[in-house]
Amino acid sequence: MAADADRPPVVLVVEDNEDNRELVIKVLRHRGFAVVGLETGREALERLAEIRPDVILMDINLPGMDGYEVTSRIRATPEFAAVPIIALTAHAMRGDEAKSLAAGCDAYIPKPINVRTLADQISAVIAAGPRSAS
Ligand code: MN
């Protein structure tokens, strides 16, 4: 799952809010990432094998299937069980971080995102490598 040296890391952004999604895409493309944005977890699950992301930025509050459920389903898919997933949530509510980690996320970023630190946060998660099997 490590990124090849000759291609940029691929970030899958699952975020239903168009403004947030476009902002994240713009910031990450500017920093050299290849970015695919999707609106729903259902689409993410359907297109995972095609996109082959190096890291997934997962909004938790999604219509239909929420980000916890999408993450759990990705973790149950052998091919993508180890892909790093970063939870994004608008409500910095107590317990969100613990719930995200319990669902299988590797890291947690509260919204509104900090556009100056986002790319570095993602780079750090990629550099940490795939999750070890547990
Ligand atoms: Mn949302």
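Atoms within a ligand are numbered from 1 in the order they appear, just like the ligands themselves. Because the structure is a prediction, the values reported are computed rather than measured.
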* Asked: Thinking salt bridges, do Lys26 and Glu22 make one under a 4.0 Å N-O criterion?
  -> no
* **Geometry at the Mn ion (ligand 1) - Asp16 OD1 versus Asn61 O angle, rounded to 10 degrees** => 90°
* Asked: Got a salt bridge between Asp120 and Arg31, using NZ or NE/NH1/NH2 to carboxylate O under 4.0 Å?
  -> yes
* What atom name does the N, O or S atom of Asp59 nearest to the Mn ion (ligand 1) carry? -> OD2
* Non-hydrogen side-chain atoms of Thr89 and Asn61 separated by less than 4.5 Å -> no
* Please confirm if an N, O or S atom belonging to Glu15, backbone or side chain, lies less than 2.8 Å from the Mn ion (ligand 1). => no
* Could you confirm whether Asn17 has any N/O/S atom lying under 2.8 Å from the Mn ion (ligand 1)? => no
* To do: Answer with yes or no whether the hydrophobic clustering places Ile60 together with Leu23; edges join I, L, V, M, F, W, Y residues whose side-chain heavy atoms lie under 4.5 Å apart.
  => no
